Amino acid sequence: MKKILSTIVISAMLLVASSSFTTSSSSLGGTEIAVIVHKDNPIASLSASEAKLSYLRKIKKRWEGINKNIRPADRKTKCAEQEVFYSKVLGMTADDVEKYFIARQYQNAEKPQDKFASDKDIIDFVGDEGGAIGYVNSASLTAEAKAKVKVVLTISN
Amino acid sequence: MKTKLTLFSLVLMIALTSYSQETQIKGFANIDAMGSFEKDTARKDENHFAIGQYDLFITSQITQNVKMLGESVFEFDGNSFAIDLERVMVDYYMKDYFSISVGKFHTPLGYWNNAYHHGMALQPTSIRPDALKFEDEGGILPIHELGAQLHGDGITKYNFGYNLMLSNGIAADAAYDYNKSKAVTANLHAEPIENLKLYVSGYMDRVPDGYTTAQGITVKKTDVQILNASIAYVNGKFPIEFIGEFFNVTTNMDSVVSKVTNGYVLYAGYKIKKFVPYVSYDGIAYQKGEQYFIENNVQTTTLGLRYIMSPLSVLKLEYKYHTSAQAGMPSVFRNQITLQFAFGF
């Protein structure tokens, strides 16, 4: 009993100590992101809080007008665009976002966000999928991309 | 009947083939190390490692409107590993405020029972509170029910929602209902401020004469009524998180013996980066002379520290002080320390 207690206490102390050395850094200077939806989506623009509610499917699960399930698109790995979107639009950490979608899937069988490796992949997905909503660096929106998707919000860091 | 079944199968098959299904398999597991000692009892101190629940769940977006979820848990039942089908449901979406689901669910009573299910990585403490224990652990609530429910949410900017369920009830198993009467569950909830959730719910069922409950008591015909109120603020923008739940269970046996049992849960935590120190207090208080349940008043105080390594890898260190006072038996006081590694995959 004593041994197991000591092991547990020492493990906890080591964890606390190790976390205090963790630092976070980000270099988001000058990143402007665009929140995009499919070009046929009748939504003209969204405020940051509306974009958050839609992306998280908090109030509505479908887009009005096109009757399509809302399909959030995300980046697979941490990047400047994701950091801006999470902090400025969702107001959540990356861990919170991940946990949020997993919890919704576990509770209600809701499909979690689709994840992509690049802005181009997100633009292609949003352009193909009528109910999609995603975010990309504004600089990635070429004329060809703009023919497929609609910008409903821009956010600068 | 046969024609209806054939027609249903045909419609289902067409639906499955005409839409590219998006099926995902995920799971949760936990490994615990614990040490406990009891005061003034003959039971020896214990320390051991344990495998918790090995939980596999499948979700599938079958069509634009139809989704399903299945959850199976492998757990040690004292002799060997047993598989329990904990949930299987098909949900048909009509509107945000109106969907219909059929299958086996967690009963929509309160917050905890539908937020955390079986995966420990999402749950704030290392075990469920006594008032919310599963039926096969001697819990007082009908945690799982088989039936159909109407549900919806997203009503007004306060995110009102509801569940209305008709189910087999307590005296039933996966294939049979031991009486004609059905259980009714109603749940109203709202989220007036982001992540602040309020619930009121109720449940009514009739247990038939001669039924043996999960606690092993053979009862006379009993009407069971449950009333609940819950509040929860979890994963919000403020670092604090809390859950408060109250359950009032009235059992009326043979229209003669009416007794009230109260279950309660209070939990609070405070997020500091990846750590969440937390405290909880929960218990069950039975009315003297209770005959439907084993009259065993329990109280547990928990002090814990959660280390969130990643969204689905969590280490919990907990101290619990548990008291139980079973009618006609000496009270038991137990101290327990648990280290749990809970993860999802």
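All of these numbers come straight from a predicted model, not from anything done at the bench. Throughout, a chain's letter reflects where its sequence line sits, starting with A, and its residues are numbered from 1.
The line from CG of B/Asn235 to CG of A/Asp96 is 6.0 Å long, rounded to the nearest 0.5 Å. Atom CG of A/Asp95 is separated from atom CD1 of B/Ile308 by 7.5 Å, given to the nearest 0.5 angstrom. In this structure, CG in A/Leu90 is found 13.5 Å from NZ in B/Lys237, a value given to the nearest 0.5 Å.
Using a 4.5 Å cut-off between heavy atoms, B/His151 does not touch chain A at all. Using a 4.5 Å cut-off between heavy atoms, B/Lys271 contacts chain A through its side chain alone, with no backbone atom that close. Of the two parts of B/Asn114, only the backbone, made up of N, CA, C and O, holds a non-hydrogen atom closer than 4.5 Å to a non-hydrogen atom of chain A. Residue contact with chain A, scored on non-hydrogen atoms closer than 4.5 Å, involves the side chain of B/Lys26 exclusively. Residue B/Ala121: no heavy atom, backbone or side chain, is found under 4.5 Å from chain A. Using a 4.5 Å cut-off between heavy atoms, B/Met68 contacts chain A through its backbone alone, with no side-chain atom that close.
Atom OH of B/Tyr321 has more than 12 heavy atoms from other residues, nucleotides or ligands within 6.0 Å. More than 12 heavy atoms of other shown residues, nucleotides or ligands fall within 6.0 angstrom of atom CZ in B/Phe345. More than 12 heavy atoms of other residues, nucleotides or ligands sit less than 6.0 Å from atom CD of B/Gln24. Heavy-atom contacts from other residues, nucleotides or ligands closer than 6.0 Å to CG of B/Leu85 number more than 12. The number of heavy-atom neighbours closer than 6.0 Å to CZ of B/Phe343, taken from other residues, nucleotides and ligands shown, is above 12. Around OH of B/Tyr97, the count of heavy atoms belonging to other residues, nucleotides or ligands within 6.0 Å does not exceed 12.
Across all their heavy atoms, A/Lys58 and B/Asn195 have their closest contact at NZ-OD1, 3.4 Å. The two residues A/Ala109 and B/Thr59 have their closest heavy-atom pair at CA-CG2, 3.8 Å.
Taking chain B as the reference chain and counting heavy-atom pairs below 4.5 Å, the highest number among A/Lys60, A/Arg62, A/Gln107, A/Glu98 is found for A/Arg62. No other option in B/Thr156, B/Leu122, B/Asp91 has as many heavy-atom pairs under 4.5 Å with chain A as B/Leu122. Ranking B/Gly70, B/Gly119, B/Ser101 against chain A, the residue ahead of the rest is B/Gly119, based on heavy-atom pairs under 4.5 Å. Between chain A and the options B/Gly154, B/Pro311, B/Gly344, the largest number of non-hydrogen pairs under 4.5 Å is found for B/Pro311. The residue among A/Arg57, A/Met92, A/Lys68 with the most heavy atom pairs within less than 4.5 Å of chain B is A/Lys68.
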Residues B/Lys273, A/Thr93; criterion side-chain contact (heavy atoms from CB on, under 4.5 Å); working and verdict: CA-CA 10 Å; B/Lys273 292 186 178 175; A/Thr93 65; over 6 Å; no
Criterion side-chain contact (heavy atoms from CB on, under 4.5 Å) on A/Asn69 and B/Gln64, from CA distance to verdict: CA-CA 7 Å; A/Asn69 286 342; B/Gln64 169 93 348; 3.8 Å; yes
Trace of the side-chain contact (heavy atoms from CB on, under 4.5 Å) decision for A/Lys52 with B/Glu194: CA-CA 11 Å; A/Lys52 175 181 179 173; B/Glu194 194 179 2; 2.7 Å; yes
Verdict with reasoning, B/Asp153 to A/Lys61, per salt bridge (charged side-chain N to carboxylate O under 4.0 Å, His left out): CA-CA 10 Å; B/Asp153 48 31; A/Lys61 295 181 181 65; 2.7 Å; yes
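Between B/Phe57 and A/Tyr106, the two ring planes are tilted [angle within 30° to 60°].
By the 4.5 Å heavy-atom criterion applied to side chains, A/Lys99 and B/Val314 are not counted as neighbours.
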